[in-house]
Student: 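Input: one structure, supplied below.
All figures in this text were calculated on a predicted structure; none of them were measured in a lab. By convention in this document, chain letters (A, B, ...) are assigned in the order of the sequence lines, proteins followed by strands, and residues within each chain are numbered from 1.
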2 protein chains.
Amino acid sequence: MSYTITSVDRAIDLLEALAEHPDIGVTRLAELIGSTKSHAFRLLHTLEQRGYVLKDPATRNYRLGYRSLYVGERARDQASLIKTAQPIMDGLAQATGENVHLVVREQARSICIALKQSQAHLRLYAEVGRHGPLHAGGGSTLLLAHAPKEIQAAVLDGPLPSFTPATVTEAGVLREQLTRIRQQGYHVALEDLDDGAFSIAAPVRNHRGEVIASISVAGPITRLDAVTTDRHRHLAIEAANDISRRLGFVDQVPT
Amino acid sequence: MSYTITSVDRAIDLLEALAEHPDIGVTRLAELIGSTKSHAFRLLHTLEQRGYVLKDPATRNYRLGYRSLYVGERARDQASLIKTAQPIMDGLAQATGENVHLVVREQARSICIALKQSQAHLRLYAEVGRHGPLHAGGGSTLLLAHAPKEIQAAVLDGPLPSFTPATVTEAGVLREQLTRIRQQGYHVALEDLDDGAFSIAAPVRNHRGEVIASISVAGPITRLDAVTTDRHRHLAIEAANDISRRLGFVDQVPT
DNA sequence: AAACAGTGTTTTGCTAAGTGAAACATTGCG
DNA sequence: CGCAATGTTTCACTTAGCAAAACACTGTTT
């Protein structure tokens, strides 16, 4: 038995298609969501009425409406994790000069929920709200390492797509990697999700000690050597621990 | 013939109910949206699957999910008006020490799409994404003044709710006010929407000279006198003109 | 200016998705 | 332990939602 309401699912398909492809028309949208023009038209009309979609009357193209900002702002306001983390992420970005990401796990995928972008001209492109895999990327793989066994099983038994030549696609190898991550308490990922990029991640824990998010420092590997690796690792762990403490975590064995 | 898809409308009802009331359960949500528990349950399940709603497994309460951030961010990215206005709004907030709002009109209502909050401890509460009336509030009434005749007719013929004793609720008086706003090119609203608050608004024009938004400076009337009124008015008009120029507007008669 | 192609909008009839009611399961409190 | 309230699941019914098709509009080509 499925509780999914198909019409709502399709409306979300359309919103997300518009998020990726702004300023397009009814026909193009229908194609993108695999539907008919009349269906796309009705979805657009419904979302436009509520302010989530805007229609340019001159071109008859659609893009996301301003009401989307409202829900986004409220989501951010409600997320105490983001509020707690943001000032610490600011400091970490300042100290490292690289991107800082706050990533959480949703079921069997990851999502970046806050981001501090590096000021450097060469920087890793990243987006808040973007869903990603769990078996690649510093913060994501660390979250997989600390996920419940059934989530790990679901990921390990499922397809492990390759993003770069460095992506781990062998379940056995990934299992060992996850064990190692749990033991050492951080993860250094090199070019496993994006070519030429590194990501050094540490776990954020809640008051019960459960890993609920990861903090990661990410950038181009050309700016990474043994010294900066160690420094970023240290700063990331420190920042993650700081956030964890503010969330009520009491670390019994100081590091 | 209505093109509204009721199921999608209801899903939005639920999302917006969660935006206003985080961390509540199925029964409460069903009450808030005027529905049944089974319906609310299915809506929540659908939205949770897509990441727009998060369920706390311990308390079985729901709140907005992180995927909402994605759509909000993309809406902001796509809105060139917001991108153009934001640095100018920053400067205006710095110069005035008060809130600065960017407001647009959607059909017969207003919506604040960008906000620079005053650093003062006493400040006007405001929210991005919040819908409001067109006949009250500095920026909103200015937008009504420049709206198409049919929009004006719709507002003037409809109910004009009173928010404070200073709210204009008489259609004839409002009509005169709108004429005056168009003539003088700005609007000073005193306590017409919020008790104890002022709002000084100026029009933002696009490359065709059409008024597409308003910039307003807002705060408590205790910080307003003849000198500050004149100063804020000047700075708001200047900022609005600056944004308009960046949007391609060429002002033939310099002010 | 006329014809054509493509897009957007509207209508219609059919069916299965969506709904509420009711039952069942779970949880927390007295 | 019993009860009340909440959350979850099931079932049967109805109409909402859908695709197909037709129509209207717009921009381009001849």
Student: Check whether the side chains of S140(A) and S110(A) place a donor and an acceptor atom closer than 3.5 Å, and report yes or no.
Tutor: yes
Student: Rounded to whole angstroms, how far apart are CD on E48(B) and C1' on dG7(D)?
Tutor: 13 Å
Student: Nearest-Å distance, OH (Y3(B)) to P (dT12(C))?
Tutor: 11 Å
Student: Closest approach of T46(A) and I5(B), non-hydrogen atoms and distance?
Tutor: OG1-N, 2.9 Å
Student: Using a strict cut-off of less than 4.0 Å between a Lys/Arg side-chain nitrogen and an Asp/Glu carboxylate oxygen, indicate whether E20(B) and R74(A) qualify as a salt bridge.
Tutor: yes
Student: What residues from residues 6-15 of chain A pass a heavy-atom cutoff of under 4.0 Å to DNA chain C?
Tutor: T6(A), S7(A)
Student: State plainly whether the residues R50(B) and E106(A) are in salt-bridge range, i.e. N to O under 4.0 Å.
Tutor: no
Student: So, does S244(B) use its side chain to make a donor-acceptor pair with the main chain of R205(B) at under 3.5 Å?
Tutor: yes
Student: Using a cut-off of strictly less than 4.0 Å between a heavy atom of the residue and any atom of DNA chain D, enumerate the qualifying residues of residues 52-65 of chain B by number.
Tutor: K55(B), R60(B), Y62(B)
Student: Expressed as a whole number of angstroms, how long is the span from R42(B):CZ to dG20(C):P?
Tutor: 8 Å
Student: Considering non-hydrogen atoms only, spot the tightest contact between L69(B) and A75(A) and give its length.
Tutor: CD2-CB, 4.1 Å
Student: I'd like to know if E73(B) and R130(A) make a salt bridge, using a cut-off of under 4.0 Å between side-chain N and carboxylate O.
Tutor: no
Student: Side-chain contact, heavy-atom cut-off 4.5 Å: L144(A) with Q152(A)?
Tutor: yes
Student: Are Q177(B) and T141(B) linked by a side-chain donor-acceptor pair shorter than 3.5 Å?
Tutor: no
Student: Rounded to the Å, how far apart are H45(B) NE2 and dT8(D) P?
Tutor: 11 Å
Student: Roughly how many Å is it from CG in L43(A) to P in dT9(C), rounded to a whole number?
Tutor: 14 Å
Student: By a strict heavy-atom criterion of less than 4.0 Å, which residues belonging to residues 26-41 of chain A are in contact with DNA chain C?
Tutor: V26(A), T27(A), K37(A), S38(A), F41(A)
Student: Check the orientation of F41(B) and Y3(A). Use parallel for under 30°, tilted for 30 to 60°, and perpendicular for over 60°.
Tutor: perpendicular
Student: Where the side chain of R105(B) meets the backbone of Q107(B), is there a donor-acceptor pair that is under 3.5 Å apart?
Tutor: yes
